[in-house]
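The block underneath contains the structure these notes are about, expressed in structure tokens.
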Amino acid sequence: MRNPVKFTIFIFAMLLLIESCTTITRTETDVYTITDKDTLINYHVTNHPGNRDNGVVFPSSKVIMPERELVQHDSIVERFYPDFIRLGLFESIGTIGGNGDYGIGTGILGVYPDFEKLAETFRGRSDAVFSGGIYRFGIFEYRLRWFRDAKNWTIGTHVVEFLLPDSRGENALISMFPLYIRKRYYLREEIPYIALTPSVGFGYYPSFYTNISGSIEIGSLGGLNLRAYLGLAAGYNPTYSPQIKNNDYQNKNEGLTSIFPYFGVGVSVLDFHNLVSETEKEWKDYEHSSWDVGLIQFMMLKSDASESVMDDNKLFSGFQLKIANSFLAIPYKNNRFFIGTSLLNLMVLGRESWGMGILPLRGGYWFVLADDELSAEPFFEFSYYPSTMINLGAKINFVVSESINIGFVAGYVNGSTSVNLPRDFNFGISKDFSNLYIGLNFGIIDRIFYPHQLRYNK
């Protein structure tokens with residue numbers, strides 16, 4: 001269980017770093033001085049006793065007493081707006097363009113490596129279609145007000161970026177907080193957006209490089225985006241860079257120049273985009289496309305698997321870890337059907353009953369049992385790589401806060417793992433398995449939406 005814990009800690013650290021380095025909300029305060037004026041007029045008439053001569057005009061006994069009041073007070077209204085054009089957790093791109101004799105084999109989208117081939121001494125293979133990959137963690141872009149405040153120019157960076165032409169580490173270009181300038185030309189300005197995006201980026205540590213590219217982008221639905229890239233990266237790895245310093249295949253006293261063109265197809269998760277017009281819309285008026293979008297779902301499971309992996313826990317025998325979830329509402333009938341995915345789905349029921357899925361497909365139906373508090377979701381989930389798993393079940397969600405929820409889950413899973421996964425994932429020799437399970441779920445930075453918040457219902 002070491003690797004999932006490390007990965008979870010890494011994701012949390014990355015999220016905290018993004019939060020600390022970016023401002024995602026712009027607050028505008030309107031102060032009004034309100035003046036209330038009021039006038040009260042009292043009429044007092046005193047009728048004198050006795051007889052009067054109707055032919056004589058007497059002075060009036062009416063007394064008029066006006067009272068005027070003036071009250072001034074301030075009214076303060078705070079409005080909260082998104083203050084970014086793009087804010088994302090992770091993007092991966094499978095690329096073609098490095099030396100084909102040293103291909104990594106990252107697979108389409110860059111997230112389907114051949115785990116059996118990966119090792120510290122791996123120098124690639126010649127039959128890999130996707131020879132390399134591009135990986136970005138912690139993505140953020142702000143509006144760049146060039147050319148008299150022209151729209152759709154942005155300036156941004158990533159916490160860390162990896163440009164890998166192939167499996168040779170000495171050719172990899174890596175930078176912390178590279179600088180990128182982008183211009184988007186929107187072909188469609190309604191969700192899902194479609195844009196053509198030329199960009200130029202500069203990395204400066206530990207690699208020096210320039211990355212010029214153009215892309216076509218489709219998104220963002222629940223933080224999910226698809227992209228196709230065409231670009232050229234050129235840079236230099238100095239002797240102090242880890243690509244040279246820790247490389248047994250390279251002279252540690254000499255730097256290395258790396259130049260490679262590339263074509264790639266990519267996906268990004270928990271990656272949210274705004275048009276310029278959307279940065280003028282308050283958060284409370286935002287329209288959403290998903291029933292559930294979240295960073296982590298962690299489930300403690302009890303199953304009929306023969307051998308538990310929770311040695312010190314008698315109540316639970318395994319666990320499930322899901323990273324970067326997004327379940328999109330389908331605009332059909334009553335909008336309750338959903339389809340979605342997760343970046344990673346690790347399901348461990350026992351020593352010989354476990355599997356892992358990358359971008360599994362999940363579908364189901366959303367029931368609202370109590371507005372803003374309680375919901376249920378029967379679901380079907382299919383993981384196809386590196387493990388094949390079919391997971392049927394139902395889940396009940398209790399909303400604790402906007403970003404935290406707990407729930408109960410029960411289901412049946414049937415699966416197998418035909419590849420050798422990384423050593424840290426090796427809880428035991430995974431065999432074909434078929435198990436019933438129940439569990440307790442914890443959603444962390446995991447937001448559940450309700451019908452009145454979906455854009456399809458407005």
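The chain is numbered in sequence order, starting from 1.
- Below 30°, between 30° and 60°, or above 60°: for Tyr385 and Tyr112 the angle between ring planes is above 60°, a perpendicular geometry.
- Using a 3.5 Å distance cut-off with no hydrogens or angles, the side chains of Tyr450 and Glu373 do not pair a donor with an acceptor.
- For the residue pair Asn391 and Tyr437, a side-chain donor N or O sits within less than 3.5 Å of a side-chain acceptor on the partner.
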Going through the distances and angles, do Phe382 and Phe380 end up as a ring-ring contact (aromatic ring centres under 6.0 Å, His included)?
CA-CA 7 Å; Phe382 175 59; Phe380 168 84; 7.1 Å; no
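- For the pair Gln297 and Asn441, the minimum side-chain heavy-atom distance is below 4.5 Å.
- Here the CG atom belonging to Leu301 is positioned 11.0 Å from the CG atom belonging to Leu315, to the nearest 0.5 angstrom.
- Defined by atom type and a distance below 3.5 Å, a donor-acceptor pair is missing between the side-chain atoms of Tyr193 and Asn225.
- Aromatic ring centres of Phe140 and His158: separated by at least 6.0 Å.
- Other residues, nucleotides and ligands place no more than 12 heavy atoms under 6.0 Å from the CZ atom of Phe408.
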Stepwise side chain to side chain contact (heavy atoms under 4.5 Å, CB included) test for Phe202 and Tyr209
CA-CA 6 Å; Phe202 304 94; Tyr209 63 82; over 6 Å; no
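- Inspection of the Ser131 and Asp166 side chains reveals no N or O donor paired with an N or O acceptor under 3.5 Å.
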Test Lys183 against Asn152 for side chain to side chain contact (heavy atoms under 4.5 Å, CB included), laying out the working first.
CA-CA 6 Å; Lys183 167 68 174 178; Asn152 302 326; 4.1 Å; yes
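- Side-chain contact check for Glu381 versus Ile390: every heavy-atom pair is 4.5 Å or farther apart.
- A donor-acceptor pair shorter than 3.5 Å cannot be found between the side chains of Asn397 and Asn405.
- The distance between the ring centers of Phe338 and Phe327 falls below 6.0 angstrom.
- Between Phe84 and Tyr142, the distance from one ring center to the other does not fall under 6.0 angstrom.
- Listed for the Thr388 side chain is no donor-acceptor partner under 3.5 Å among the backbone atoms of Ser383.
- A 4.5 Å side-chain heavy-atom check between Ser403 and Arg447 finds every atom pair outside the cut-off.
- Closest approach of Ala410 and Ile438 over heavy atoms only: CB-CG2, 3.9 Å.
- Thr27 and Arg79 share no donor-acceptor pair across their side chains, judged by distance under 3.5 Å alone.
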For a salt bridge (charged side-chain N to carboxylate O under 4.0 Å, His left out) check, start with the C-alpha distance between Glu190 and Arg455, then their side-chain angles and the critical distance, and finish with the verdict.
CA-CA 12 Å; Glu190 297 179 357; Arg455 62 189 178 93; over 6 Å; no
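- Counting only N and O atoms by type, the side chains of Asn237 and Ser207 include a donor and acceptor under 3.5 Å apart.
- The backbone N or O of Leu109 lies less than 3.5 Å from a partner atom in the side chain of Ser92, making a donor-acceptor pair.
- Around atom NZ of Lys245, no more than 12 heavy atoms belonging to other residues, nucleotides or ligands sit under 6.0 Å away.
- The two atoms that bring Ser290 and Gly222 nearest to each other are OG-CA, 3.2 Å, heavy atoms only.
- Using a 4.5 Å heavy-atom cutoff, the side chains of Thr95 and Phe130 are not in contact.
- A donor-acceptor pair under 3.5 Å is formed between the side chain of Ser175 and the backbone N or O of Tyr204.
- The shortest distance between side-chain heavy atoms of Tyr412 and Ser303 does not fall below 4.5 Å.
- Side chain of Ser213 to main chain of Gly231: no donor-acceptor pair is present (N/O by atom type, distance under 3.5 Å, no hydrogens or angles).
- Judged by the 6.0 Å and 45° rule, Lys333 forms no cation-pi pair with Phe337.
- For the side-chain hydrogen bond (donor to acceptor under 3.5 Å, both in side chains) criterion with Ser268, the lone passing option out of His273, Arg227, Glu91, Glu217 is Arg227.
- The nearest pair of heavy atoms linking Asn345 to Pro360 is CB-CG, 3.9 Å.
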Is there a side chain to side chain contact (heavy atoms under 4.5 Å, CB included) between Ile155 and Leu179 once you walk through the steps?
CA-CA 7 Å; Ile155 184 170; Leu179 180 66; 3.7 Å; yes
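- Judged purely by atom type and a 3.5 angstrom limit, Gln243 uses its side chain to pair as donor or acceptor with the backbone of Ala172.
- Taking the ring axis of Phe379 as reference, the NZ or CZ atom of Arg362 stays within 45° of it and closer than 6.0 Å to the ring centre.
- Side chains of Asn335 and Asn457: a donor-acceptor N/O pair is present below 3.5 angstrom, by distance only.
- Ile323 is not listed as a side-chain neighbour of Phe90, based on a closest heavy-atom distance of 4.5 Å or more.
- To the nearest 0.5 Å, the span separating CG on Leu344 from CD1 on Ile358 amounts to 7.0 Å.
- To the nearest 0.5 Å, the span separating CG on Leu295 from CG on Asp446 amounts to 8.5 Å.
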Decide yes or no on salt bridge (charged side-chain N to carboxylate O under 4.0 Å, His left out) for Asp149 and Arg145, but give the supporting numbers first.
CA-CA 4 Å; Asp149 214 15; Arg145 298 180 178 273; 2.8 Å; yes
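- For the pair Arg182 and Tyr180, the distance from NZ or CZ to the six-membered ring centre is under 6.0 Å and the angle to the ring normal is within 45 degrees.
- Here the side chains of Asp372 and Val399 are not in contact, with every heavy-atom distance at 4.5 Å or above.
- A donor-acceptor pair shorter than 3.5 Å can be found between the side chains of Asn274 and Tyr286.
- Using a 4.5 Å heavy-atom threshold, the side chains of Tyr229 and Asn211 count as separate.
- Side-chain atoms of Thr154 and Arg86 form no donor-acceptor pair, as typed in the model, at a separation below 3.5 Å.
- Aromatic ring centres of Phe147 and Trp153: separated by under 6.0 Å.
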Does the side chain to side chain contact (heavy atoms under 4.5 Å, CB included) test come out yes or no for Phe442 and Ile296, once each step is laid out?
CA-CA 8 Å; Phe442 300 92; Ile296 291 176; over 6 Å; no
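- Within a 6.0 Å radius of OH in Tyr205, no more than 12 heavy atoms belonging to other residues, nucleotides or ligands are found.
- Annotation: the span from Leu87 atom CG to Glu141 atom CD amounts to 10.0 Å, rounded to 0.5 Å.
- Taking the six-membered ring wherever Trp is involved, the centroid distance between the rings of Phe137 and Tyr135 does not fall below 6.0 Å.
- Here the side chain of Ser258 pairs a donor or acceptor atom with the backbone of Asn171 at under 3.5 angstrom.
- Between the CD1 atom of Ile445 and the CG atom of Leu270 there is a distance of 9.5 Å, given to the nearest 0.5 Å.
- At distances below 3.5 Å, at least one donor-acceptor pair connects side-chain atoms of Arg26 with backbone N or O atoms of Thr279.
- One finds the CG atom of Leu163 at 5.5 Å from the CG atom of Leu173 (value rounded to the nearest 0.5 Å).
- For the 3.5 Å distance criterion, the side chains of Thr25 and Asp83 fail to qualify, holding no donor opposite an acceptor.
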